[in-house]
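Below is one structure; the comments refer to it alone.
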Amino acid sequence: MRRVPARTACLAAAVLLTALAGAPGPAVARDLPDTYVVSRAPGVLPEGIAVTPDGTLYVSSDGTGALYRGHIGHPELRPFPARGLEQRPSSLGVHTDRRGRVFSVGGASLTVHDRHGRLLATRTAGGGPLGGSDLNDLVVTKDAVYVTDWANPVVYRAEIRGGTPGPLEPWLDIRAAFPRFPPQYWLLNGIVANEAGTTLLVASNGTEAVWRIDTADKDVTRLDLGEQSFGPDGMVLRGRTLYAVLNHGAPHGVYIARLDAELRTGTVTHRLTGEPFDLPTTLARHGCRLYVVNSQLDEPPGRPPYTVSAVDDPTCRTS
């Protein structure tokens, strides 16, 4: 989940679907805010987001490295007292696990905090074939944490041992999946996993594709969505439904695809591009709503307030 800089050398983007299937109106709680203010301080530039089952919101700051916390029932977030982030100027991906712990990445570090902000663990990536790491996003499975690197075509892995992540080590150099593509332009972004943790989907801005990885044998194939290009930023996977934020090579917004049982092929069924998004980077899902980060990263430092927009999930059906 990273801004798409002007220097990015990407494959030519294709026009995405122009006629998409409709869906019945979603069932949502109408008393919740439509907009959440992350911060009114200059230069925050929100980037990543997580929503826990109880509705707690966590949002990361690309501009300062801080984390913010709130609740879906309230329109204002506050700084989360996450200790140990003073030396990290940028925080990008943020996720929580079933214990309520907060995992976040930025620069070369992965940190784990409890719900009170106490630092539980810090793990540092040693860099990849192109140099120092710029960790972008992460996913937490039952036995590991997988992390993408914006600066290197590498996926890192930290095994979870006794509930604690071990060393953050290079796990997969993805260049072999597309060996002719310039390694500096892979630009790995969002990463998600199926519930069993046996399959990963990794977004690449550079190749404008989503790559499917089998965690058992590290087999890498391109997710076939029937389009010439589909390069998301952040993503959410719920069963066989993939929610993806696109902010390059297509109208900005949320694109929703229905995948096959093996997560190898799929069809884009919805796109939400007419919403009040301001360079969206990623999203989270809670109930029948999607919470989309408005980064303003296209014009840093942007203009306060920095916000998250909540929109209805069109895949939800009324009872």
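Quick caveat, the model's predicted, so the values are computed rather than measured.
- Using modelled atom types and a 3.5 Å distance limit, the side chains of Asn189 and Thr148 yield no donor-acceptor pair.
- The hydrophobic cluster containing Trp171 also contains Phe178, counting ILVMFWY residues as joined when their side-chain heavy atoms lie under 4.5 angstrom apart, directly or transitively.
- Contact check for Trp186 versus Arg175: side-chain heavy atoms found under the 4.5 Å cut-off.
- For Tyr58 and Phe80, the gap between ring centers is short of 6.0 Å.
- If you take OH on Tyr156 and CG on Leu168, they are separated by 7.5 Å, rounding to the nearest 0.5 Å.
- The heavy-atom pair separating Val94 from Ala50 by the smallest distance is O-CB, 3.5 Å.
- Side-chain contact of Thr315 with Tyr243: a donor-acceptor pair under 3.5 Å is present, judged by distance alone.
- Classification of Arg264 and Asp260 as a salt-bridged pair fails, no side-chain N sitting under 4.0 Å from a carboxylate O.
- Residues Thr265 and Leu259 are not in side-chain contact: their nearest non-hydrogen atoms beyond the backbone lie 4.5 Å or more apart.
- In summary, the side chains of Thr52 and Thr96 do not present any donor paired with an acceptor at a separation below 3.5 Å, with no hydrogens or angles considered.
- Heavy atoms from other residues, nucleotides or ligands lying under 6.0 Å from CZ of Arg78 number 12 at most.
- Residue Leu225 comes nearest to Thr267 through the heavy atom pair CD2-N, 4.2 Å, listed as atom of the first residue, atom of the second, then distance.
- Taking both residues in full, the closest heavy atoms of Pro33 and His74 are given as CG-C, 4.1 Å, listed atom of the first, atom of the second, then distance.
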Using the side-chain hydrogen bond (donor to acceptor under 3.5 Å, both in side chains) rule, take Ser60 and Ser104 through it: C-alpha gap first, then chi angles, then the decisive distance, then the call.
-> CA-CA 8 Å; Ser60 63; Ser104 64; over 6 Å; no
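- The nearest pair of heavy atoms linking Ile49 to Leu283 is CG2-C, 3.5 Å.
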Show your working on side-chain hydrogen bond (donor to acceptor under 3.5 Å, both in side chains) between Thr56 and Arg115 and close with a plain yes or no.
-> CA-CA 10 Å; Thr56 300; Arg115 65 189 64 196; over 6 Å; no
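- Between Pro153 and Leu130, the shortest heavy-atom contact is CD-CD1, 4.0 Å.
- Counting heavy atoms from C-beta on, the side chains of Leu242 and Met235 come closer than 4.5 Å.
- The OG1 atom of Thr64 lies 8.5 Å from the CG atom of Leu45; values are rounded to the nearest 0.5 Å.
- Side-chain atoms of Tyr255 and Arg271 include no donor-acceptor pair closer than 3.5 Å.
- A salt bridge does not link Lys142 to Glu195: none of the charged nitrogens lies less than 4.0 Å from a carboxylate oxygen.
- When ring centroids are compared, Tyr291 and Tyr36 come within the 6.0 Å threshold.
- The hydrophobic clustering, which links ILVMFWY residues whose side-chain heavy atoms are closer than 4.5 Å, places Val37 and Leu57 apart.
- Under the 4.0 Å criterion applied to side-chain N and carboxylate O atoms, Arg289 and Asp34 are assigned as salt-bridge partners.
- The distance from the CG atom of Asp313 to the CG atom of Leu290 is 4.5 Å, given to the nearest 0.5 Å.
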Should Arg212 and Thr221 be marked as a side-chain hydrogen bond (donor to acceptor under 3.5 Å, both in side chains) after you check the CA-CA gap, both sets of side-chain angles, and the distance that decides it?
-> CA-CA 5 Å; Arg212 181 193 184 277; Thr221 56; 4.9 Å; no
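- Here the straight-line distance linking atom CG of Asp233 with atom OG1 of Thr282 works out to 6.5 Å at 0.5 Å rounding.
- Closest heavy-atom contact between His252 and Phe277: O-CD1, 4.5 Å.
- Residues Ser90 and Asp62 bring a donor and an acceptor atom of their side chains to less than 3.5 Å of each other.
- Separating the OG atom in Ser133 from the CG atom in Asn152 is a distance of 5.5 Å, to the nearest 0.5 Å.
- The distance from atom CG of Asn247 to atom CG of Asn205, rounded to the nearest 0.5 Å, is 6.5 Å.
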